[in-house]
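Here the structure is a predicted model, which means the values were calculated and not measured. Side-chain atoms are counted along with the backbone in the values below, which use heavy atoms only and exclude waters and symmetry mates. Note that the numbering runs from 1 along the sequence shown for the chain. Order of appearance sets the numbers: ligands from 1, and atoms from 1 within every ligand.
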Amino acid sequence: MTHPKTLLATLMGERQPIPPVWLMRQAGRYLPEYRALRAEKGGFLALATDPDAAAEVTLQPIRRFGFDGAILFSDILMVPWALGQELSFGVGEGPRLTPPLVDHALAALERVPARLEPVYATVARVAASLPPQTTFLGFAGSPWTVATYMVAGQGSRDQGETRRYAYADPGAFGAVIAAITAMTIDYLAGQIAAGVEAVQLFDSWSGSLSPAQFEAYVIAPNAAIVAALRTRCPGVPVIGFPKGAGGKLPAYARETGVDAVGLDETVDPVWAHRALPDGMPVQGNLDPLALIAGGPALTSAIDRILAALAERPHVFNLGHGIDQHTPIAHVEALLARVRNPG
Ligand code: CP3
């Protein structure tokens, strides 16, 4: 019998005649119903820590579009918050973490794992109300990407401060990576216990690392997370998304043990199909700007990806998060094209 959840089945290695679809950041500012609820709650963190509201935001894109996957509404910076940094999201600026570890010791932070409890409560609420064909995805940031925010206290263009810190004091930086890795394992196991069916590791900044640092700070900690989850939560697929990894993708796929890999929009899916292990599920990789453009540019971009990945398990997605200026009608057009190709 075919699995009713086509996304979960694909992540387990079963190719589908029509690839399942979800979009990174599908719950978010391009949706008027999201903007309304966020305004009512007074901000992102208030929304993310209110289980009823966060469950509602998780379900909004499912109700509107019928995506095959629902991704938990939360943020990768919940782990630094649970490790004891203060977290804020100012209007019109990126997230802030204080104190930044570039000049404060990790050991001085007091862990607050209870800060993750509302996330587990959100998961339980969503799990109880998802349609039976929808796969529920949890997530966390990968240790390197999370570390770039913890060290600098904010986002940056090239993660220079964190890369310098890692070269200057590999002992201290290794301890930061180890702390994030341990908390992330507990966090993902907690999400799974509460009801998510697969998890994704977002490594948004893996593209800025030298080969040796990629090995130490991307491959090794992700392999540790996957190995721990295999023991604690057997059978739950892990998607790795090392954005910007480029030519390092095949090594990442082989050495981390992830079940599936996400491709960013710069990766040629024809190359990825040749270079990645046979049968490994692949996710991606429409350029979010093609989705904003719409029309024939969108249709041909979708068709190229579908053709390139037709011979392996494929989850259709963007190459990174959906932009807040994306027209709703273009998301509808994307779904129509993937589900009913011309
Ligand atoms: O995919 C989803 O819909 C699930 C929710 C989700 C959010 N953030 C919600 C969010 C996920 C998976 C993330 C991941 C995330 N968060 C990453 C990795 C993926 C990526 O986009 O690169 C990173 C680096 C972050 C850190 C972060 N959170 C930044 C840099 C920002 C500010 C930039 C921005 O887009 O506003 C956030 C805030 C954030 N996280 C928003 C959402 C919907 C916007 C908050 C708002 O203003 O409403």
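Heavy atoms of Gly141 come nearer than 4.0 angstrom to ligand 1 in no pair at all. Residue contact check for ligand 1: Gly155 places no non-hydrogen atom closer than 4.0 Å to it. No heavy atom of Trp205 sits closer than 4.0 Å to any atom of ligand 1. Within the 4.0 Å heavy-atom cutoff, Ala27 counts among the residues contacting ligand 1.
Across the listed options Ile322, Leu201, Asp75, Leu31, Asp75 owns the non-hydrogen atom lying nearest to atom 26 (C) of ligand 1. Comparing heavy-atom distances from atom 41 (C) of ligand 1 across Tyr149, Phe241, Phe44, Phe139 singles out Phe44 as nearest. For atom 29 (C) of ligand 1, the candidate residues are Ser74, Gly94, Pro95, Ser142; the nearest heavy-atom contact is made by Pro95. Checking Arg38, Arg29, Met24, Arg25 against atom 13 (C) of ligand 1, the nearest heavy atom belongs to Arg25. Comparing Thr145, Leu318, Asp203, Ile76 by heavy-atom distance to atom 14 (C) of ligand 1, the nearest is Ile76. Nearest to atom 43 (C) of ligand 1 by heavy atom, out of Phe202, Trp22, Tyr34, is Tyr34.
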Can you list, pair by pair, the side-chain donor-acceptor contacts under 3.5 Å of residues 130-145, counting residues two or more places apart and other chains?
unit_1 : atom_1 : unit_2 : atom_2 : d
Thr135 : OG1    : Leu8   : N      : 3.1
Ser142 : OG     : Asn222 : OD1    : 3.0
Trp144 : NE1    : Trp205 : O      : 2.9
Thr145 : OG1    : Asp203 : OD1    : 2.5
Thr145 : OG1    : Ser204 : N      : 3.0
Thr145 : OG1    : Trp205 : N      : 3.0

Quiz: residues 27-35 side-chain donor-acceptor pairs under 3.5 angstrom, not counting sequence neighbours:
unit_1 : atom_1 : unit_2 : atom_2 : d
Tyr30  : OH     : Gln26  : O      : 2.6
Glu33  : OE1    : Arg64  : NH2    : 2.9
Glu33  : OE2    : Arg64  : NE     : 2.8
Arg35  : NH1    : Arg29  : O      : 2.6

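Close approach to Phe89 involves these atoms of ligand 1, each under 4.0 Å from a residue heavy atom: 28 (N), 37 (C), 38 (C). Atoms of ligand 1 found under 4.0 Å from any heavy atom of Leu72 (numbered from 1 in listed order, with element): 4 (C), 5 (C). Heavy-atom contacts of Phe73 reach the following atoms of ligand 1: 43 (C) (cutoff under 4.0 Å). The distance from ligand 1 to the heavy atoms of Ser204 drops below 4.0 Å at these ligand atoms: 18 (C), 19 (C), 20 (C), 22 (O), 24 (C).
Between Arg15 and Glu311, the shortest heavy-atom distance links the atoms CD-C, 3.5 Å.
Between Arg337 and Glu332 there is no salt bridge, since no side-chain nitrogen of the basic residue lies less than 4.0 Å from a carboxylate oxygen of the acidic one. A salt bridge links Arg115 with Glu86; the closest basic N to acidic carboxylate O contact falls under 4.0 Å.
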Where do Tyr167 and Phe173 land on the ring-ring contact (aromatic ring centres under 6.0 Å, His included) test, with the steps shown first?
-> CA-CA 9 Å; Tyr167 281 121; Phe173 188 67; 9.8 Å; no

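At a cut-off of 3.5 Å, with distance as the only test, a side-chain donor of Gln200 or Gln283 sits close to an acceptor on the other residue.
Side-chain contact check for Val199 versus Ile239: every heavy-atom pair is 4.5 Å or farther apart.
Remark: of the listed residues Asp264, Leu201, Asn317, Val261, Asp264 is the sole one forming a side chain to side chain contact (heavy atoms under 4.5 Å, CB included) with Phe241.
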